[in-house]
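So the structure is just underneath, and the comments pick up after that.
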Amino acid sequence: MSKTLEGAWSPWNFEISDSARKVFEDAVESIIGVTYSNPFCYAQRSSAEDNFSFLCKAVTADEAGTTNLARVNISSLSGNSQVFQIEFIPPQATNIPGGWSSWRFPATEDENKILEEALDDLIGVEYDSLGATSQVVAGANYAFFAKGDPVLPPPNNVPFPAIISVTRSAGGQIELGNIKRITPAGME
């Protein structure tokens, strides 16, 4: 991981260290109503206490068991880890007709083919799909959670998480929409 200034967020790390996993698990273990698991990546900010931002899977405990992508921000001081903010990353799954489906981690083979086609002419960043959600309309809307790897020399090749919007028309035409980077504090 590259060095960062004290108080600044580190780049996202897609390899979860044992110590970061322990911080995550200790902080989310007593949450009731939603199970937070499977951290995909994390960023860290050091100051008087360590702050962590994790992107993870979130499954509701109700009958529907709706799955979302969540950002869980955690404060860790002297081995005591506590959640201070949780946010579902849009689009939020609703599992109702016309709404967004539960997130799938990983995305299906067909969804990955749709993403590959949408990104076919894109240069400068290679994206690996980590999950997807969809919305049936006259065709379909898709949102992909992906790891972006800039095709640049170090130190500018730092991977980042992103949400990629793709539309498939009723006629089957695939169109790339927005690509929004996810930061420890929000979306860009």
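Values below: every heavy atom of this structure, side chains too, minus hydrogens, waters and symmetry copies.
Under the 4.5 Å side-chain criterion, counting only non-hydrogen atoms from C-beta, I179 is in contact with L122. No side-chain heavy atom of D120 sits under 4.5 Å from any side-chain heavy atom of I174. Y42 is not listed as a side-chain neighbour of V23, based on a closest heavy-atom distance of 4.5 Å or more.
Hydrophobic clustering (side-chain heavy atoms under 4.5 Å, transitive across Ile, Leu, Val, Met, Phe, Trp, Tyr) keeps V59 apart from L55.
Classified by interplanar angle (parallel below 30°, tilted 30° to 60°, perpendicular above 60°), the ring pair W103/F145 is perpendicular. Aromatic ring orientation, Y127 versus F160: perpendicular (interplanar angle above 60°, classes split at 30° and 60°).
Across every non-hydrogen atom of A143 and I163, the tightest pair is CB-CG2, 4.2 Å. A93 and N68 make their closest contact through N-OD1, 2.7 Å (heavy atoms, listed as atom of the first residue, atom of the second, distance). The two residues N95 and A64 come nearest to each other via the heavy atoms ND2-O, 4.4 Å. L130 approaches F14 most closely through the heavy-atom pair CD1-CE2, 4.1 Å. Across all non-hydrogen atoms, the minimal contact from N157 to P150 is CB-O, 3.8 Å. Taking every heavy atom of both residues into account, Q92 and W100 meet most closely at O-CB, 3.7 Å.
Atoms CG and CZ, from D50 and R45 in turn, are 10.5 Å apart once rounded to the nearest 0.5 Å. The distance from the OG atom of S129 to the NZ atom of K147 is 13.0 Å, given to the nearest 0.5 Å. With values rounded to the nearest 0.5 angstrom, E29 atom CD is found 10.0 Å from I31 atom CD1. With values rounded to the nearest 0.5 angstrom, S75 atom OG is found 12.5 Å from Q85 atom CD. Atom CG of L119 and atom CD1 of I114 lie 12.0 Å apart (nearest 0.5 Å). In this structure, F54 CZ and I16 CD1 are separated by 6.5 Å, a value rounded to the nearest 0.5 Å.
With respect to the salt-bridge test (charged N to carboxylate O, under 4.0 angstrom), the residues E109 and K113 qualify.
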Chi angles and distances behind the side-chain contact (heavy atoms from CB on, under 4.5 Å) call for I123, V151: CA-CA 8 Å; I123 59 171; V151 184; over 6 Å; no

With side-chain contact (heavy atoms from CB on, under 4.5 Å) as the criterion, how do V83 and V28 come out once you've worked through the C-alpha distance, each side chain's angles and the decisive distance to 0.1 Å? CA-CA 7 Å; V83 173; V28 302; 4.2 Å; yes

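S17 and S19 form a side-chain donor-acceptor contact under 3.5 Å, judged by distance and modelled atom types alone. Defined by atom type and a distance below 3.5 Å, a donor-acceptor pair is present between the side-chain atoms of T60 and D62.
T133 contributes a side-chain N or O that, together with a main-chain N or O of S101, makes up a donor-acceptor pair within less than 3.5 Å. In this structure a side-chain-to-backbone donor-acceptor pair under 3.5 Å is missing from R104 to T67. The backbone N or O of I182 lies less than 3.5 Å from a partner atom in the side chain of W12, making a donor-acceptor pair. Side chain of Q44 to backbone of S53: no donor-acceptor contact under 3.5 angstrom is found.
Summarising the local packing, CD of E175 is surrounded by 12 or fewer heavy atoms from other residues, nucleotides or ligands at distances under 6.0 Å.
Of the options Q135, R168, E111, a side-chain hydrogen bond (donor to acceptor under 3.5 Å, both in side chains) to Y142 is made by R168 and by none of the others.
Residues passing the side-chain contact (heavy atoms from CB on, under 4.5 Å) test with N38, sequence neighbours excluded: F40, K57.
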